[in-house]
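Report on the structure given below.
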Amino acid sequence: MTSKLWRCSFPLQREVREHAMHMLGRETKNDPLPPPPDPSEIAEFVLAKRGGPTIDNFRLEFAKTHLTPWNKKAAKVFARSFIESGEYTSCDKHTIETSFRAHLKTLCSHYREQVRGAHSLPPPQQMIDNRQAAARRARRKTLFDHRVTAAYCHEDLVGYRDIIRDMGPDGMSGDESDTRDGIKRYIIFLDKWRNPAVAPWLRVFDRIFMTTKFNEVSRPKRGNWPRIRVPTTQRNVQREGKPVPGLPRNFYDEAWLSTLDPDDLETLDIQQPIYLVHSQEVLQ
């Protein structure tokens, strides 16, 4: 019986580790853990019941014990995000929380090792740059997840789900945070390799995804809402990584394609173009 239970829980443990890396802005387990909340934030949360971990600002208290009030709340936030993502096999909130608390012991141990090796860490500015880059990657992953979900929400979009999956998180446009008049928003930067015409086509998926945030009587559901993303004409020349191969030709910028040599074009594995126009039923 014990062996059977262990085999059943193993996929969940793996999925919990994967989602924890996503929420903490890490691509691999070797990436540094983000810093814990300030003691003042923890005190305000414990004493005044204000603040605390959220899906968009997910941080952990790497204390001597992992079962602090802050971390207990973080486990609940994690379970909600895990279930709302729709990517994993388990939807049992209690089981997910329990598995995350077990994983939190490992994260606390890793953070203590990280602090002990602080003398070998990159300079402070590089650490800030690394955290910002990790946050951008996490936002692209979330945007990708939302668009995959949207592709299943309308019969005229189902045929595009494989293309969205082929684009992956790296095919989504990046952004930078900007706060004006107390409102946080994200300025979208276009990639040099991607055809600008793809952006409005993809934003229709964003609009369809928004419909999933309302119930049957058009009232908002509980949970976090998509970020405010503001289009721009600026190209993201600092984008890391290579263009996504294997996409339809009209997903690539023609001017950018003209700069590639034959070997690069062959590696890109360009596919036949598709019609970048949605049906009237989708646009209504």
Side-chain angles (χ1 to χ4, degrees), residues 1-36 53-68 70-115 117 130-131 133-152 161-162 164-172 209 212 223-224 240-241 244 246:
M1 178 65 71
T2 301
S3 176
K4 182 178 180 181
L5 288 174
W6 184 86
R7 288 197 301 271
C8 291
S9 65
F10 181 75
L12 176 60
Q13 294 168 358
R14 175 180 54 77
E15 290 177 343
V16 164
R17 289 195 299 268
E18 178 184 321
H19 196 64
M21 282 197 293
H22 166 59
M23 292 193 71
L24 292 169
R26 307 167 77 203
E27 285 198 327
T28 72
K29 65 180 181 180
N30 296 321
D31 290 334
L33 287 158
T54 65
I55 291 178
D56 288 335
N57 189 17
F58 190 73
R59 291 171 297 163
L60 300 172
E61 185 180 0
F62 301 110
K64 292 181 179 179
T65 172
H66 65 288
L67 293 178
T68 64
W70 182 286
N71 286 343
K72 288 180 180 178
K73 175 64 180 296
K76 295 183 181 297
V77 171
F78 177 89
R80 186 171 72 251
S81 172
F82 186 97
I83 293 170
E84 289 181 354
S85 74
E87 294 184 36
Y88 305 111
T89 55
S90 177
C91 291
D92 187 303
K93 187 172 182 291
H94 176 73
T95 303
I96 296 167
E97 286 184 29
T98 300
S99 184
F100 175 73
R101 286 196 294 267
H103 180 51
L104 186 51
K105 293 181 182 179
T106 302
L107 293 177
C108 288
S109 175
H110 288 175
Y111 186 77
R112 287 192 290 270
E113 293 176 5
Q114 179 177 307
V115 171
N130 290 344
R131 285 199 297 270
R136 288 193 294 270
R137 289 194 297 268
R139 291 197 296 271
R140 287 199 298 271
K141 174 65 165 57
T142 298
L143 185 61
F144 165 71
D145 292 340
H146 289 176
R147 286 168 172 171
V148 170
T149 298
Y152 285 89
R161 61 190 177 187
D162 289 340
I164 298 294
R165 286 204 180 99
D166 288 344
M167 294 183 74
D170 287 337
M172 306 297 110
F209 177 78
T212 69
N224 287 356
E240 296 180 1
V244 178

Do [X] and [Y] have side-chain heavy atoms sitting under 4.5 Å apart?
| X | Y | answer |
| --- | --- | --- |
| Leu60 | Leu24 | yes |
| Arg161 | Val148 | no |
| Lys93 | Glu97 | yes |

Nearest atoms (heavy-atom pairs only) where [X] meets [Y]:
| X | Y | value |
| --- | --- | --- |
| Trp70 | Arg59 | NE1-O, 2.9 Å |
| Met172 | Arg140 | O-CD, 3.3 Å |
| Ala138 | His22 | O-CE1, 3.5 Å |
| Ile83 | Cys91 | CD1-O, 3.6 Å |
| Arg101 | Ala75 | CG-CB, 4.0 Å |

Rounded to the nearest 0.5 Å, how far apart are [atom1] of [X] and [atom2] of [Y]?
| X | Y | atom1 | atom2 | answer |
| --- | --- | --- | --- | --- |
| Arg139 | Asp56 | CZ | CG | 10.0 Å |
| Thr142 | Arg137 | OG1 | CZ | 13.0 Å |
| Gln114 | Ser109 | CD | OG | 11.5 Å |
| Lys141 | Asp170 | NZ | CG | 11.5 Å |
| Thr98 | Leu12 | OG1 | CG | 9.5 Å |
| Arg26 | Leu107 | CZ | CG | 6.5 Å |

Please confirm whether the backbone N or O of Val77 pairs with a side-chain atom of Ser81, one donor and one acceptor, at under 3.5 Å?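 Flag not set: sc Ser81 to bb Val77 has no pair under 3.5 Å.
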Looking only at the side chains, is there a donor atom on one of Thr89 and Glu15 sitting less than 3.5 Å from an acceptor on the other?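 Per modelled atom types, Thr89 and Glu15 side chains form a pair under 3.5 Å.
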Just say parallel, tilted or perpendicular for the rings of His19 and Phe82, cut-offs at 30° and 60°.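 Perpendicular: the ring planes of His19 and Phe82 meet at over 60°.
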For the residue pair Tyr111 and Phe62, categorise the inter-ring angle as parallel (less than 30°), tilted (30 to 60°) or perpendicular (more than 60°).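 Ring orientation, 0 to 90° scale: parallel.
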